[in-house]
Amino acid sequence: MSTPLPGTPLPPLAGGAGGRAALRPLLDTVLDALHEGALARGGPIPSGGPDTVAQRLLDATATALPDTGTGAEEALRTLVQALAHGAADPADPLCVAHLHTPPLAVAAAADLAVSALNPSMDSWDQAPAASALEAHVTRTLAAEVYPHGPAPDALVTTGGTESNQLALLLARERHGPVQLVHGANAHHSLPRAAWLLGLPEPVAVPAPAGVIDLAALDEALTDLHHPLLVAATAGTTDTGRIDPLPEIADLCARHNAELHIDASYGGPLLFSDVHKHRLDGLDRAHTVTLDLHKLGWQPVAAGLLAVPGTAALTPLAHQADYLNADDDTEAGLPDLLGRSLRTTRRPDVLKIAVTLRALGRQGLAALVDHTCAAAQHLADLVENTPGLELHDRPTISTVLFRPTSASDDDIATIRRTLLTEGRAVLGRARADDRLWLKATVLNPHTTHSDLKALLSLLSHPSLPSPLSLPEGSTHR
Ligand SMILES: *Cc1c(COP(=O)(O)O)cnc(C)c1O
């Protein structure tokens with residue numbers, strides 16, 4: 001065994017008696033480095049494209065594992081600044097490509113406490129209060145989804161992908177190899193989960209108008225052999241549309257198929273009195289996926305899989321003597337292994353719990369309402385800008401638009417040019433057989449002038465089909 005050399009102090013810990021004194025100056029360093037990195041970037045994403053960004057990062061960091069360390073202050077300053085300089089920053093209102101949320105300050109601060117305490121959610125003796133908090137908060141959130149459920153409960157996951165996998169796994173454990181029937185508008189993680197779980201090849205039902213075609217679903221459910229699991233989407237990734245949930249639930253009931261609803265994006269509409277009616281029918285699903293790192297403003301990861309009753313989760317029961325020995329469980333130590341397929345697991349529930357308490361239902365509703373209103377305003381602006389075409393009024397906060405005179409290739413080039421010049425981070429989506437620019441508005445602080453600025457970027461002369469050019473002057 002080696003002992004440290006005299007004069008070489010060991011680095012301090014985040015927790016324990018010295019944690020506060022050790023962390024406070026380091027946090028100042030981190031906050032300053034974040035600020036300086038953002039100033040150096042000067043926009044929603046660094047300019048120059050992948051090679052420039054990678055080279056700048058390598059230049060700043062030099063060797064990743066030096067023989068002699070540079071010390072905590074220098075390492076934090078250098079790497080945090082480099083990361084912030086090279087970030088796609090969702091807190092910038094022109095960063096709207098994906099369901100990539102700007103996290104709330106309160107949630108990020110709560111996450112620091114998790115890093116310092118480092119509870120692990122695989123056994124009670126590693127997370128006594130954190131496991132109790134998780135049980136409390138997941139039941140509360142599940143009751144929002146299933147107000148009439150016998151014992152609403154939810155698992156905390158890394159996001160929609162894991163939640164969807166668990167939903168398929170639970171269906172398989174109930175019924176054997178279920179056939180997944182999903183809309184063509186469903187998230188790619190659903191067919192991938194069917195592949196992962198060795199289920200029959202999934203069936204994709206057409207969604208020509210962006211939502212599942214009910215007649216086609218009816219036909220598929222009539223023709224296919226059981227057991228069947230239908231996956232509907234409340235908030236599609238491409239357009240933010242919500243499948244007709246009550247009608248789909250009716251069809252599932254008529255054909256004796258199970259229903260999973262992927263509400264990764266739309267789930268938090270539940271908090272808003274203005275918008276929650278769009279999720280009518282949600283509680284008729286056997287399982288519901290929610291993602292609070294999208295419309296819930298949480299740092300990654302903050303996923304949930306809700307079920308109407310805890311009993312639905314029993315297939316996940318699992319035993320490992322060192323974590324949940326029978327006699328420990330009988331003696332009253334909570335058994336956590338059945339709450340996830342992961343073993344070591346971060347208590348992502350703390351930032352969620354702190355956010356729910358800090359904002360309350362009204363505060364969350366205000367964030368949802370502001371965000372949806374910003375998207376409606378963007379749609380208004382598009383409709384009122386000559387030379388721009390709006391795909392459709394937004395259902396949640398996704399707006400698809402395109403310069404009228406642009407070809408699909410132009411759209412792809414416009415997006416990449418704005419990205420590599422560091423001006424804006426817009427997404428792309430195919431709808432009605434055409435390519436569109438996609439703005440996924442998630443930043444509740446977005447102002448009308450931010451949205452105007454976003455659209456005015458489209459008249460930049462470096463772009464194909466710039467808006468100021470008369471129509472028809474570009475190739476099709
Ligand atoms: C984002 C999303 C997912 C995947 O969620 P992750 O958190 O990225 O794993 C699944 N379904 C839908 C509809 C989504 O929007």
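Residue numbers count from 1 along this sequence. Ligands are counted one by one from 1 in listed order, and the atoms in each one are counted from 1 as well.
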Give me the nearest non-hydrogen protein atom to atom 4 (C) of ligand 1 as residue plus atom name, then the distance to 0.1 Å. His187 CE1, 3.3 Å
Can Arg41 and Asp89 be counted as an ion pair, charged N to O under 4.0 angstrom? yes
Considering residues at least two apart in sequence or located in another chain, which fulfil the side-chain contact (heavy atoms from CB on, under 4.5 Å) criterion with Thr417? Thr413, Glu421, Ser462, Leu463
Taking the basic N atoms (NZ, or NE/NH1/NH2) and the acidic carboxylate oxygens, is any pair closer than 4.0 Å for Arg339 and Asp153? yes
Atom indices of ligand 1, in the order listed, that fall short of 4.0 Å to a heavy atom of Gly235: 13 (C)
Which pairs would a plain distance check flag for residues 215-224, meaning a side-chain donor or acceptor within less than 3.5 Å of a matching protein atom at least two apart in sequence or in another chain?
unit_1: Asp218; atom_1: OD1; unit_2: His255; atom_2: NE2; d: 2.6
unit_1: Thr222; atom_1: OG1; unit_2: Asp218; atom_2: O; d: 2.6

Between Asp238 and Ala186, is there a donor-acceptor pair closer than 3.5 Å when you use the side chain of the first and the backbone of the second? no
His293 neighbourhood, listing ligand 1 atoms whose heavy-atom distance to it stays under 4.0 Å: 7 (O)
Carboxylate-amine/guanidinium proximity below 4.0 Å for Arg402 and Asp410: no
Ligand 1 to Thr237 polar contact by distance, N or O atoms, under 3.5 Å: yes
Do ligand 1 and Asp262 have nitrogen or oxygen atoms that lie under 3.5 Å from each other? yes
Side-chain donor-acceptor pair present, His175, Glu258, cut-off under 3.5 Å: yes
Taking only non-hydrogen atoms of Asp291 and a 4.0 Å limit, the atoms of ligand 1 in range are 5 (O), 6 (P), 7 (O)
If I apply the N/O under 3.5 Å rule, does Ser189 come out as touching ligand 1? no
Under 3.5 Å, N or O to N or O, is Lys294 touching ligand 1 that way? yes
Under a 4.0 Å N-O cut-off, is there an ion pair linking Arg346 with Asp348? yes
Compare Ala302, Ala301, Gly160 and give the one whose heavy atom is closest to atom 5 (O) of ligand 1. Gly160
Between the side chains of Lys276 and Glu144, is the shortest nitrogen-to-carboxylate-oxygen separation below 4.0 Å, so that they form an ion pair? no
Between Thr161 and ligand 1, does any nitrogen or oxygen pair lie at a separation below 3.5 Å? yes
Any nitrogen or oxygen of Thr158, main chain or side chain, under 3.5 Å from a nitrogen or oxygen of ligand 1? no
Please verify whether a non-hydrogen atom of Glu162 lies at under 4.0 Å from ligand 1. no
Per-atom contacts of ligand 1 with Leu99, taking only distances under 4.0 Å to non-hydrogen atoms: 15 (O)
